[in-house]
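For reference, the structure is listed below as structure tokens.
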There are 2 protein chains.
Amino acid sequence: MEPPEIDYDAMESPSRQIAAWIRSRIESGDIAPGRKIPSETELVQAFGVARTTARRAVALLRDEGWVVTVAGRGSFAAERRPGG
Amino acid sequence: MEPPEIDYDAMESPSRQIAAWIRSRIESGDIAPGRKIPSETELVQAFGVARTTARRAVALLRDEGWVVTVAGRGSFAAERRPGG
DNA sequence: TTATATTTGTCCGTATGTATG
DNA sequence: ACATACATACGGACAAATATA
């Protein structure tokens, strides 16, 4: 699935737009539970954003319970949906 | 028994996946107490990983008490299970 | 004793990925 | 945006321990 372009005129921040895209991939099953989501570097390249922005997007998903982060390895789709 | 393929997108690191495979062989009795586990070189060939990774897998099992290592000879399934 | 092969031990450096300040 | 640290993996080189011919 191709990442959408960031809309810098939108009310939603770039980091939230990226988070929403990853979240939709998890919800649709494109990224199955326990599977790796794109790395920060890959998000930077795919969306053309700063690393900080990519990190914030992943942090949002982590705070929401959508992903689990393992230091040195990456972030992975949670085994169960938040509130599931 | 054929070694499983390493899943590089899984949450579990390659070294832990290899350790889990060896551990299961010991637990099932496939590798009896005192018997030799695969050498680092054999693990490298079987899983297609670097020796560093194979060594880490064995080190994990050693730390957990599943195997005993003898320099120049190899690693062997412990006589008794960890915590047994 | 010497030589060779196997296996583990110990370094080196490079790359990737996340954590923290 | 940057620097540093940590975790993990890859690849290579050589040493030490062990076993066998």
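Spacing between atom CD1 of B:I6 and atom C1' of D:dT8 amounts to 13 Å, rounded to whole angstrom units. The interatomic distance linking B:L60 (CG) with D:dA9 (P) rounds to 9 Å, in whole Å. Straight-line distance from the CG atom of B:D9 to the P atom of C:dG17: 11 Å, rounded to whole Å. Atom CD in B:E40 sits about 13 Å away from atom C1' in D:dA17, given to the nearest Å. One interatomic measurement links the two molecules: CZ of B:R16 to C1' of D:dA9, which rounds to 14 Å at whole-angstrom precision. Put simply, CZ on A:F76 is 11 Å from P on D:dT8, counting in whole angstrom units. Nucleotide C:dT16 holds its P atom 16 Å from the CG atom of A:L43, rounded to whole Å. Atoms CD (B:E12) and P (D:dA9) sit 10 Å apart, rounded to a whole Å.
Within the 4.5 Å cutoff, no side-chain heavy atoms of A:K36 are placed close to those of A:R73. At a threshold of 4.5 Å between non-hydrogen side-chain atoms, the residues B:Q17 and B:P3 do not count as touching. The closest side-chain heavy-atom distance from B:W66 to B:R81 is below 4.5 Å.
For the residue pair A:F76 and A:G74, the shortest heavy atom distance occurs at CE1-O, 3.3 Å.
In this structure, D:dA1 forms no base pair with any nucleotide, since neither Watson-Crick nor G-U wobble geometry is met with both distances under 3.5 Å.
Here B:T52 does not reach the OP1 or OP2 of D:dC10: none of its side-chain N or O atoms lies under 4.0 Å away. An OP1 or OP2 oxygen of D:dA9 is reached within less than 4.0 angstrom by a side-chain nitrogen or oxygen of B:R56. Between B:S15 and the phosphate of D:dA9, there is a side-chain N or O to OP1/OP2 separation shorter than 4.0 Å. Dashed line: the shortest gap from a side-chain N or O of B:Y8 to OP1 or OP2 of D:dC10 is under 4.0 Å.
Within the nucleic acid shown, A:V58 has no heavy atom closer than 4.0 Å to any nucleic acid atom. Counting any heavy atom pair closer than 4.0 Å across all strands shown, A:S39 reaches sugar-phosphate atoms only and no base atom.
Listed nucleotides: D:dA19, D:dC10, D:dT8. Nearest to the side chain of A:R73: D:dT8. Nearest nucleotide to the B:K36 side chain, out of C:dA19, C:dT7, C:dG17: C:dT7. When distances run from any side-chain atom of A:R62 to the nucleotides D:dA19, C:dA19, C:dT8, the shortest one goes to C:dA19. Which of D:dT8, C:dT8, C:dA19 sits closest to the side chain of A:A71 comes down to C:dA19.
In the interface, the side chain of A:R55 is not paired with the base of C:dG17 through any donor and acceptor atom under 3.5 Å apart.
A salt bridge links B:D30 with B:R25: the distance from a Lys NZ or Arg NE/NH1/NH2 to an Asp or Glu carboxylate oxygen falls below 4.0 Å.
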